[in-house]
2 protein chains.
Amino acid sequence: MNIVIIGTGNVSHHLCRTIENSKVLNLLQLFGRIEKLPENFNQKIVYTNNLDELKKADFYIICVSDDAILEISDKLIFKDSIIVHTSGSTRLDILSKHKNHGVLYPLQTFSKNRELSFKNIPIIIDANSKKVLNEIKKISLQLSKNVIVCNSDQRTLIHISAVFSNNFGNYMNVISENILKSQNIDPQILKPLIQETCDKLKHLTAKKSQTGPAVRNDKITIKKHLSLLKGSKYEKIYKTISTEIIKLNDEL
Amino acid sequence: MNIVIIGTGNVSHHLCRTIENSKVLNLLQLFGRIEKLPENFNQKIVYTNNLDELKKADFYIICVSDDAILEISDKLIFKDSIIVHTSGSTRLDILSKHKNHGVLYPLQTFSKNRELSFKNIPIIIDANSKKVLNEIKKISLQLSKNVIVCNSDQRTLIHISAVFSNNFGNYMNVISENILKSQNIDPQILKPLIQETCDKLKHLTAKKSQTGPAVRNDKITIKKHLSLLKGSKYEKIYKTISTEIIKLNDEL
């Protein structure tokens, strides 16, 4: 199965690495806008930044930023190939000019300098026909054990969930790092707590894991905290989230 | 070193377990308001719910809710003992009627049915004199490798940081669980992402770990997400946090 990957960002980097290690999939070519293959990629990869040099493959995986998908899709001219994008929140039909199109969205946070195993990463797939979906499923199962079929709305909601759990969850740690640094306290002291926050979820739902002043509706502590945060940029976030957590009580 | 613990909640449960396993510390007695020792405690512990039966010990550790600390402190009459509370956001001087008083605040999220090793949990301590601080340090070092001296304001700010990282971080997972459940999608699919969110922090600061539409200032995706969240109780949280993350760009 010959694959061409388009884009040289973090998703592309991790996909390339996984495909290179596959016995079934073959990374035929990588396309990017920049002149040279970035250093974090295996330098043996066949690379081009010239669309006219794009090879014919079974499968084109578009790994570019959401707002560039349409532009690159319009330039692909291989009629019988399958064209997929890897975006969480871009609809399937953005690729509808292609006879065979779909989505292959890996549900993970990809950063430079973090090596990840694709094996456990859920891959959310979609396609414009059963036949194409089957082909995408075959490839996805070579990358991961966990392949899930979803339509565009469901996929966007999964992406939104990922934004809450990862982006917003991580931002809570950005805030706590900043608060501790402002006191000259080593942010490392929070690491066991952050680890346990994650470990707990192996055994409990997030709802059952919830602790702290807000879920106890401990108004005195919340007031103390807000008075120390007064005037800081974190006051509003503290208030907004606490207000929502307090309401959890009615649901528990 | 004879210790009496007051309170039968989660902190008390985990402290009792740790002290029972110590070769140096001796759990003399446990006091609680309820009639019988709860089942999750070792049933060999000497338990009372009658303050008149409280034994004389070197050390009293108050593990009750913040608003009950003053009331129980007023009832302790042992002059030469050291009295500490375990609260993150209660000032040291709430115990000032006692000649020797201090704080022993374990920085962790404690839930029932989660066995934790105290060894790696940071313990934040404070006291009304150097001599008392030294005694509290000795005991704390029997419980944990990581003992840190902080004043009341610093301790509250550490507690606030813990609220952001744990309580609010976990609430982000409550939201994502709810969104996925509403779509009949198994919330388990987010587990690898949540795990990686935590693992990343072993190698990167939270600031450098930040990914997603907000930190990219990807207005199109944010707008899509907000349109899908429109009218839901998560719309405001999504907007508030994204607005703050977008500002991170100016700092990066």
Side-chain angles (χ1 to χ4, degrees), chain A residues 66-67 89 107-109 111 114 120-122 148 154 156-158 160-177 179-180 183 185 189-190 192-198 200-201 205-207 209-214 220-221 224-225 228 233 236-237 240-241 244-245, chain B residues 66-67 89 107-109 111 114 120-122 148 154 156-158 160-177 179-180 183 185 189-190 192-198 200-201 205-207 209-214 220-221 224-225 228 233 236-237 240-241 244-245:
Chain A
D66 292 6
D67 55 356
S89 292
L107 181 57
Q108 189 50 283
T109 165
S111 294
R114 280 285 298 162
N120 297 309
I121 297 176
I148 302 146
Q154 284 179 313
T156 303
L157 282 162
I158 291 173
I160 292 174
S161 305
V163 165
F164 275 100
S165 277
N166 171 266
N167 304 167
F168 295 174
N170 183 71
Y171 186 61
M172 298 302 122
N173 296 324
V174 172
I175 295 176
S176 58
E177 270 181 9
I179 292 173
L180 292 176
Q183 297 296 308
I185 297 166
I189 66 162
L190 279 180
L193 180 69
I194 292 170
Q195 184 67 52
E196 172 66 8
T197 306
C198 170
K200 254 186 179 179
L201 297 180
T205 63
K207 209 166 176 179
S209 300
Q210 191 67 47
T211 56
I220 296 168
T221 303
K224 272 182 206 166
H225 288 180
L228 268 174
K233 57 182 175 174
K236 190 180 171 190
I237 289 190
T240 307
I241 301 178
E244 286 307 315
I245 297 178
Chain B
D66 292 6
D67 56 355
S89 291
L107 181 56
Q108 188 51 284
T109 164
S111 295
R114 279 286 297 160
N120 296 309
I121 297 175
I148 301 146
Q154 285 179 313
T156 303
L157 282 162
I158 291 173
I160 292 173
S161 306
V163 165
F164 275 99
S165 277
N166 170 266
N167 304 166
F168 295 174
N170 183 72
Y171 185 61
M172 298 303 122
N173 295 325
V174 173
I175 294 176
S176 59
E177 269 180 9
I179 291 173
L180 292 175
Q183 297 295 310
I185 298 167
I189 66 162
L190 279 180
L193 180 69
I194 292 170
Q195 183 67 50
E196 172 66 7
T197 305
C198 170
K200 256 186 177 178
L201 297 180
T205 62
K207 210 168 175 177
S209 300
Q210 191 67 48
T211 56
I220 296 168
T221 303
K224 271 181 207 164
H225 288 180
L228 268 175
K233 56 183 176 175
K236 189 180 171 191
I237 289 191
T240 307
I241 301 178
E244 286 307 315
I245 297 178

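Throughout, protein chains are lettered first and strands after them, A, B, ... in sequence-line order, and every chain is numbered starting at 1.
Looking at B:Ile189, the atoms closer than 4.5 Å to chain A (heavy atoms on both sides) sit in the backbone and in the side chain alike. Within the 4.5 angstrom heavy-atom criterion, atoms from both the backbone and the side chain of B:Thr109 approach chain A. Contact of A:Leu157 with chain B is made through backbone and side chain together, with heavy-atom distances under 4.5 Å. Both the backbone and the side chain of B:Leu180 have a heavy atom closer than 4.5 Å to some heavy atom of chain A. Proximity to chain A is limited to the side chain of B:Ile175, based on heavy atoms less than 4.5 angstrom apart. Interface remark: A:Gln108 contributes backbone and side-chain atoms alike to the contact with chain B (heavy atom separation under 4.5 Å).
Between chain A and the residues B:Asn170, B:Val174, B:Asn120, the most heavy-atom pairs under 4.5 angstrom are made by B:Asn170. Per-residue counts of heavy-atom pairs under 4.5 Å with chain A were compared for B:Gln195, B:Gln183, B:Lys200; the largest is that of B:Lys200. Comparing B:Asp66, B:Ile194, B:Asp67 by how many heavy-atom pairs each has under 4.5 Å with chain A, the most go to B:Ile194. Options B:Gly169, B:Ser209, B:Ala214 differ in how many heavy-atom pairs under 4.5 Å they form with chain A, and the most are formed by B:Ser209. No other option in B:Ile148, B:Thr205, B:Ile220 has as many heavy-atom pairs under 4.5 Å with chain A as B:Thr205.
Under a 3.5 Å cut-off, the side chain of B:Lys224 and the backbone N or O of A:Ser89 do form a donor-acceptor pair. Listed for the B:Asn167 side chain is a donor-acceptor partner under 3.5 Å among the backbone atoms of A:Thr211.
A donor and an acceptor atom, one from each side chain of A:Ser176 and B:Ser165, are located under 3.5 Å apart. Counting only N and O atoms by type, the side chains of A:His225 and B:Thr156 include no donor and acceptor under 3.5 Å apart. Inspection of the A:Thr197 and B:Asn166 side chains reveals an N or O donor paired with an N or O acceptor under 3.5 Å.
Put simply, CG on A:Asn173 and CG on B:Leu201 are 5.5 Å apart, with the number rounded to the nearest 0.5 Å. Here OH of A:Tyr171 is found 4.5 Å from CD of B:Glu244. Values are rounded to the nearest 0.5 Å. Here CD1 of A:Ile121 is found 8.0 Å from CD of B:Glu196. Values are rounded to the nearest 0.5 Å.
Within the 4.5 Å cutoff, no side-chain heavy atoms of B:Pro192 are placed close to those of A:Leu107. At least one side-chain heavy atom of A:Ile237 sits under 4.5 Å from a side-chain heavy atom of B:Phe164.
The nearest pair of heavy atoms linking A:Leu190 to B:Ser161 is CD1-CB, 3.7 Å. Here the closest non-hydrogen pair linking A:Met172 and B:Phe168 is SD-CB, 3.6 Å.
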